[in-house]
There are 2 protein chains.
Amino acid sequence: MDRPIDDLTARARIRDAAVRLFGERGIEGASIRDIAAEAGVSSGLVRHHFGSKEALRDACDEYAKERMLEVGEELADAGGVAALDPATLHPRVFPLQLYLVRSMMDGSETATALFLGAVDSIEEWSTAYGIHPTDRRAYAAAMAAIKLSVFVFRDQVSKALGEDITTPAGYARIGQGLMEIFTIPLITEEQAEQLRKRSEEN
Amino acid sequence: MDRPIDDLTARARIRDAAVRLFGERGIEGASIRDIAAEAGVSSGLVRHHFGSKEALRDACDEYAKERMLEVGEELADAGGVAALDPATLHPRVFPLQLYLVRSMMDGSETATALFLGAVDSIEEWSTAYGIHPTDRRAYAAAMAAIKLSVFVFRDQVSKALGEDITTPAGYARIGQGLMEIFTIPLITEEQAEQLRKRSEEN
DNA sequence: CACTTGACTACACGATCGTGTAGGAGTTTG
DNA sequence: CAAACTCCTACACGATCGTGTAGTCAAGTG
């Protein structure tokens with residue numbers, strides 16, 4: 001494990017259980033009692049350590065945020081095109097992604113801030129990379145949403161592939177599918193221009 | 001309105017309210033009483049017409065499915081590249097998309113079947129269109145997930161854009177951002193090939 | 001007229017939720 | 001040694017959930 005030693009305390013087990021259950025079932029779908037049972041403690045201890053469900057979610061937000069930023073820095077060190085390689089996005093971030101998506105959908109400001117930060121990063125990156133979309137902000141926002149989409153629809157995507165995408169193999173497979181969407185141009189610039197004009201007429 | 005005359009009955013109002021609230025708050029987040037209040041009826045009438053919350057959701061699934069397939073046929077008649085134009089995807093399908101995404105995340109088989117059907121369609125279309133991804137199924141699944149991603153993260157995307165994407169203008173803007181992701185190749189075929197080899201080594 | 005039927009409401013039920021309270025067990029601290 | 005503190009459990013509370021039951025009202029129908 002790459003975690004600090006004191007991270008096996010009951011408090012940490014509760015937080016890990018919360019991240020997992022919140023991510024799988026959504027915030028409303030996972031009760032304090034479910035989380036306590038998953039962590040092997042009483043429901044009262046959850047309250048003792050975190051105060052309330054809302055505070056527990058805040059703690060999970062902060063934890064997931066820090067861990068994701070750690071991974072982000074690792075990827076930044078790797079640098080360049082390699083950062084797009086799905087296999088380097090190790091499955092250890094999967095539970096965190098699932099949680100953050102759920103938390104975001106539930107209105108978490110921390111998770112939303114992470115999303116906005118990602119949009120900013122993509123915007124800067126696309127500029128440095130020499131890409132010139134019509135609306136850079138919209139382009140970056142769409143790309144940020146895309147990166148999370150397979151987490152939201154993991155059950156459906158797994159079913160479509162006949163392979164669980166929570167496994168490294170399945171994750172690599174759908175990751176490659178995503179990559180090739182970025183790789184293969186679907187329509188030419190001329191066709192795109194036509195569409196832009198047509199939509200402006202409406 | 002393009003609806004049948006008898007579609008303004010209390011039953012229809014309940015179903016419309018359910019689609020709206022389920023889509024906005026999720027299945028668990030919208031109670032029978034909320035839906036009844038939104039439709040301006042008693043909670044008992046919801047049960048009278050639909051029997052249970054589960055049955056109400058099934059009815060919403062079926063309704064949303066039929067309406068979406070209607071739109072799908074309209075788009076098929078329009079044909080070709082025009083089907084990618086975000087402005088032709090009229091905002092009237094927005095509540096239905098929101099609902100179906102939520103229902104899908106809640107494990108709806110009807111909604112999941114719609115997703116799988118979309119993957120099939122994209123697979124066939126990409127073949128006819130002359131696209132040759134490494135893993136066509138994964139490519140199609142990723143693209144299907146992508147098309148729904150902006151609905152899931154509508155709040156975050158709206159915040160990133162500083163513009164509500166549930167409005168036709170915002171919808172067209174993010175739709176164009178999506179389109180340009182499909183248009184502008186990010187990495188060359190050679191780079192993609194390198195990534196494929198590298199991921200196979202792991 | 002009496003009778004049936006369907007739309008609709010009011011109200012009560014058990015279950016489950018987040019939360020609050022009281023207290024036990026073990027360690028630290030004066 | 002005793003007081004204080006932390007970790008932890010057991011249990012009860014009000015609220016809200018989906019659901020069940022009884023009954024009102026209006027529109028046919030014989």
Side-chain angles (χ1 to χ4, degrees), chain A residues 3-63 99 102-103 105-110, chain B residues 3-63 99 102-103 105-110:
Chain A
R3 296 180 183 176
I5 298 175
D6 68 337
D7 210 2
L8 292 170
T9 60
R11 182 187 164 91
R13 289 208 316 278
I14 292 170
R15 185 240 296 130
D16 287 350
V19 167
R20 186 163 52 250
L21 292 190
F22 281 155
E24 287 175 4
R25 311 178 190 174
I27 310 296
E28 296 238 32
S31 70
I32 299 283
R33 287 168 177 85
D34 290 339
I35 293 168
E38 180 85 359
V41 299
S42 70
S43 64
L45 189 59
V46 178
R47 174 171 171 77
H48 171 71
H49 277 301
F50 295 96
S52 70
K53 189 176 186 179
E54 184 69 17
L56 171 59
R57 223 200 48 179
D58 289 343
C60 290
D61 277 350
E62 214 56 38
Y63 175 72
Y99 168 76
R102 290 285 198 171
S103 186
M105 293 183 68
D106 206 61
S108 159
E109 293 192 8
T110 301
Chain B
R3 295 180 183 175
I5 299 175
D6 67 336
D7 210 4
L8 292 171
T9 61
R11 182 186 165 91
R13 288 208 316 277
I14 292 170
R15 185 240 297 132
D16 286 350
V19 167
R20 186 163 52 248
L21 291 190
F22 281 154
E24 287 175 3
R25 310 178 190 175
I27 311 296
E28 296 238 30
S31 70
I32 299 283
R33 287 170 177 83
D34 290 338
I35 294 169
E38 180 84 0
V41 300
S42 70
S43 64
L45 189 60
V46 178
R47 173 170 173 78
H48 172 71
H49 277 301
F50 295 96
S52 70
K53 189 177 186 180
E54 183 69 18
L56 171 59
R57 222 200 49 178
D58 289 343
C60 290
D61 277 350
E62 214 56 39
Y63 175 72
Y99 168 76
R102 290 285 197 170
S103 187
M105 293 184 67
D106 206 60
S108 159
E109 293 192 8
T110 301

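Computation of the quantities below employed the complete heavy-atom set of this structure, encompassing side-chain atoms and omitting hydrogens, waters and symmetry-equivalent molecules. Chain A is the first sequence line, chain B the second, and so forth, proteins listed ahead of strands; every chain is numbered from 1.
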Heavy atom of residues 27-37 of chain A under 4.0 Å from DNA chain D: which residues?
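When residues 27-37 of chain A is checked for heavy atoms under 4.0 Å from DNA chain D, the hits, listed by number, are A:R33.
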
Measure the shortest side-chain to side-chain distance between A:F22 and A:L56 over non-hydrogen atoms and say whether it is less than 4.5 angstrom.
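A:F22 reaches A:L56 side chain to side chain.
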
Within a strict 4.5 Å, meaning less than it, do heavy atoms of the B:S108 and B:T110 side chains meet?
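The answer is yes; the side chains approach within 4.5 Å.
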
Contact string for nucleotides 22-28 of chain C, one letter per nucleotide 5' to 3', B = base within protein heavy-atom range under 4.0 Å, S = sugar-phosphate only, - = neither, reads -------

Contact pattern, 5' to 3', of nucleotides 4-9 of chain C - B, S or - by protein heavy atom under 4.0 Å:
---BBB

Can you pull out every side chain to side chain donor-acceptor pair (under 3.5 Å) where at least one residue sits in residues 32-44 of chain B? Sequence neighbours excluded, please.
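Of all non-adjacent pairs touching residues 32-44 of chain B, those that pass side chain to side chain donor-acceptor pair (under 3.5 Å) are B:R20-B:E38, B:R25-B:D34, B:S31-B:D34.
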
Tell me the interatomic distance from B:K53, atom NZ, to C:dT16, atom P, rounded to whole angstroms.
15 Å

Can you measure A:F50 atom CZ to D:dT6 atom P for me and round it to whole angstrom units?
16 Å

Could you state the interatomic distance from CG (B:D16) to CZ (B:R11), rounded to the nearest 0.5 Å?
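Here the rounded value is 11.5 Å.
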
Rounded to the nearest 0.5 Å, how far apart are CG of A:L21 and CD1 of A:I14?
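So the gap between those two atoms works out to 12.0 Å.
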
Is the side chain of B:R15 donor-acceptor paired with the backbone N or O of B:Y63 at a distance under 3.5 Å, no angle test?
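Absent.
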
Looking at residues at least two apart in the chain, or sitting in another chain, which of them share a salt bridge (charged side-chain N to carboxylate O under 4.0 Å, His left out) with A:E62?
A:K65

Count the heavy atoms belonging to other residues, nucleotides or ligands that lie under 6.0 Å from CD of B:E24, then report whether that count exceeds 12.
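Correct, the count exceeds 12.
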
Quick test of your reading: applying salt bridge (charged side-chain N to carboxylate O under 4.0 Å, His left out), list the pairs with at least one residue in residues 40-53 of chain B, sequence neighbours left out, ordered by first then second residue.
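Every candidate salt bridge (charged side-chain N to carboxylate O under 4.0 Å, His left out) pair involving residues 40-53 of chain B fails, so no pair, neighbours aside, qualifies.
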
Using a 6.0 Å distance limit plus a 45 degree cone around the ring axis, check whether B:R57 lies over the aromatic ring of B:Y99.
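No, a cation-pi geometry is absent between B:R57 and B:Y99.
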
